Visitor: 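The structure that follows is given in the form of structure tokens.
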Amino acid sequence: MMSDRAKTIPPQGAAGGPSRDEQQAEMQRRLTERMARVRHKIVVLSGKGGVGKSTVAANLAVALAQSGRQVGLLDVDIHGPSIPGMMGLGGRPVVGAGELGLMPIEFTENLRVMSIGFLLPRATDAVIWRGPRKFGLIREFLADVQWGDLDFLVVDSPPGTGDEPLAVCQLVVGEMPGESPTTPENRGAVIVTTPQGVAVSDVRRCITFCRQIGIPVLGVIENMSGLTCPHCGEMIDLFKRGGGVEMAS
């Protein structure tokens, strides 16, 4: 069950209220306005779970913040949000700002974080939603969260090429109204894989997914390429090595 503070999407078609079309138009206006204040948008994707995608997203956001940038980190893995725990922010409540929307959680002065994990009463609660409701929440995170002016928005997307990654790519790194389709350099996807063949095969589909929907691929990160033995210092290739380079080539 979701807590009351998680149910921030207003009911549609309420008597005397705005029509569904009017609500959608207002949501789109807020979304466009918020995203116009973000200079660079990066979605971290993978076609396979368990490759360390959330770890890469968290480290990327922290590294950018440490370089002096204003950074937002958005976790849209609705069924398995891990960013709150990974950032040491578990149990922190989200504060509403009235008509201004929701306030993200501050990790540092220049790094703000938002996740559905902050909206669940308990970390063990399951979110059992179908596609349209998940799309609505992702759009609300983008349109109604007070991100402010950001140099980078890093989005941790769930694995695969289904509802959530498609929604993120359309809403975050897709073309915004008024933008030129020939200048996409301020947005793109970082693809995460591990070296072994089964992972590379699944992740390769994610690159095909990006190409099909017109999202630039900024690069491929090969995670878990080796383990340094704590006793002798030798590098052990637990999951082989070089799969990401081969796929990129």
Side-chain angles (χ1 to χ4, degrees), residues 1-10 31 34-35 38 41-46 48-65 70-97 100-148 150 152-160 162-169 171-173 189-190 192 223:
M1 295 294 291
M2 297 288 289
S3 68
D4 289 339
R5 64 176 179 266
K7 301 172 183 175
T8 56
I9 302 175
L31 173 63
R34 298 270 196 229
M35 291 298 99
V38 180
K41 309 170 185 75
I42 301 174
V43 176
V44 181
L45 295 169
S46 177
K48 183 175 180 60
V51 299
K53 177 178 47 53
S54 296
T55 303
V56 168
N59 277 283
L60 177 60
V62 169
L64 289 168
Q70 293 291 328
V71 183
L73 175 58
L74 174 60
D75 177 9
V76 295
D77 193 341
I78 293 173
H79 300 291
S82 55
I83 289 295
M86 200 169 285
M87 303 294 284
L89 299 173
R92 295 279 297 274
V94 171
V95 178
L100 297 178
L102 298 172
M103 298 300 297
I105 302 297
E106 282 197 3
F107 179 74
T108 61
E109 186 177 348
N110 62 330
L111 174 54
R112 297 179 283 278
V113 184
M114 178 54 73
S115 168
I116 194 174
F118 297 132
L119 303 175
L120 299 173
R122 294 173 297 276
T124 56
D125 286 350
V127 179
I128 307 172
W129 286 358
R130 295 188 184 275
R133 194 169 185 189
K134 292 188 285 187
F135 181 89
L137 180 68
I138 293 171
R139 185 170 59 172
E140 186 177 3
F141 275 163
L142 296 169
D144 289 342
V145 172
Q146 282 280 72
W147 293 107
L150 296 179
F152 290 91
L153 176 63
V154 178
V155 183
D156 178 26
S157 179
D163 290 330
E164 296 98 315
L166 181 58
V168 169
C169 288
L171 295 172
V172 180
V173 292
V190 170
V192 183
N223 199 22

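These values consider heavy atoms only, across backbone and side chains, with no hydrogens, waters or symmetry-generated copies. These numbers were taken from a predicted model, which means no experiment stands behind them.
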Visitor: State the CD1-CG distance between Ile78 and Leu137, to the nearest 0.5 angstrom.
Guide: 5.0 Å
Visitor: Partners of Thr55 by side-chain hydrogen bond (donor to acceptor under 3.5 Å, both in side chains), sequence neighbours excluded?
Guide: none
Visitor: Check whether any side-chain N or O of Ser46 sits under 3.5 Å from a backbone N or O of Pro159 as a donor-acceptor pair, and report yes or no.
Guide: no
Visitor: What pairs with Asn223 under side-chain hydrogen bond (donor to acceptor under 3.5 Å, both in side chains), at least two apart in sequence or on another chain?
Guide: none
Visitor: When you compare the side chain of Arg112 with that of Gln70, does any pair of heavy atoms fall below 4.5 Å?
Guide: yes
Visitor: Considering residues at least two apart in sequence or located in another chain, which fulfil the side-chain contact (heavy atoms from CB on, under 4.5 Å) criterion with Pro84?
Guide: Asp75, Ser115, Phe118
Visitor: CG of Asp144 to CE of Met114: how many Å apart, nearest 0.5 Å?
Guide: 10.0 Å
Visitor: May I have all residue pairs that pass salt bridge (Lys or Arg N to Asp or Glu O under 4.0 Å) and include part of residues 51-60, sequence neighbours excluded?
Guide: Lys53-Asp156
Visitor: Identify the two heavy atoms, one from Leu45 and one from Cys169, that lie closest to each other, and give their separation to 0.1 Å.
Guide: CD1-SG, 4.1 Å
Visitor: Would you call His79 and Pro158 a side-chain contact if the rule is heavy atoms closer than 4.5 Å?
Guide: no
Visitor: Applying side-chain contact (heavy atoms from CB on, under 4.5 Å), name anything that partners Val62, two or more places apart in sequence or on another chain.
Guide: Gln66, Met87, Phe107, Leu111
Visitor: Working to the nearest 0.5 angstrom, can you tell me the gap between Arg139 CZ and Lys134 NZ?
Guide: 15.5 Å
Visitor: Not counting sequence neighbours, which residues clear ring pair (Phe, Tyr, Trp, His ring centres under 6.0 Å) with Phe152? List them please.
Guide: His40
Visitor: Heavy atoms only: give me the nearest Gln146-Met103 pair and the separation to one decimal.
Guide: CB-SD, 3.6 Å
Visitor: Mark yes or no for whether Trp147, through its side chain, and Phe141, through its backbone, hold a donor-acceptor pair below 3.5 Å.
Guide: yes
Visitor: Among Leu64, Asn110, Val113, Thr108, exactly one meets side-chain contact (heavy atoms from CB on, under 4.5 Å) together with Val71. Which residue is that?
Guide: Leu64
Visitor: Given the rule in the side chain to side chain contact (heavy atoms under 4.5 Å, CB included) test, do Met35 and Val38 qualify, once you have shown the distances and angles that lead to the verdict?
Guide: CA-CA 5 Å; Met35 291 298 99; Val38 180; 4.3 Å; yes
Visitor: What is the distance from atom CG of Asn59 to atom CE of Met86, rounded to the nearest 0.5 Å?
Guide: 8.5 Å
Visitor: Taking Arg34 for the side chain and Leu142 for the main chain, is one N or O donor matched with an acceptor at less than 3.5 Å?
Guide: no
Visitor: Write down the atom of Ala58, the atom of Leu73, and the distance for their closest heavy-atom approach.
Guide: CA-CD2, 4.1 Å
Visitor: What is the minimum heavy-atom distance between Ile83 and Ser54, and which atoms define it?
Guide: CD1-O, 3.8 Å
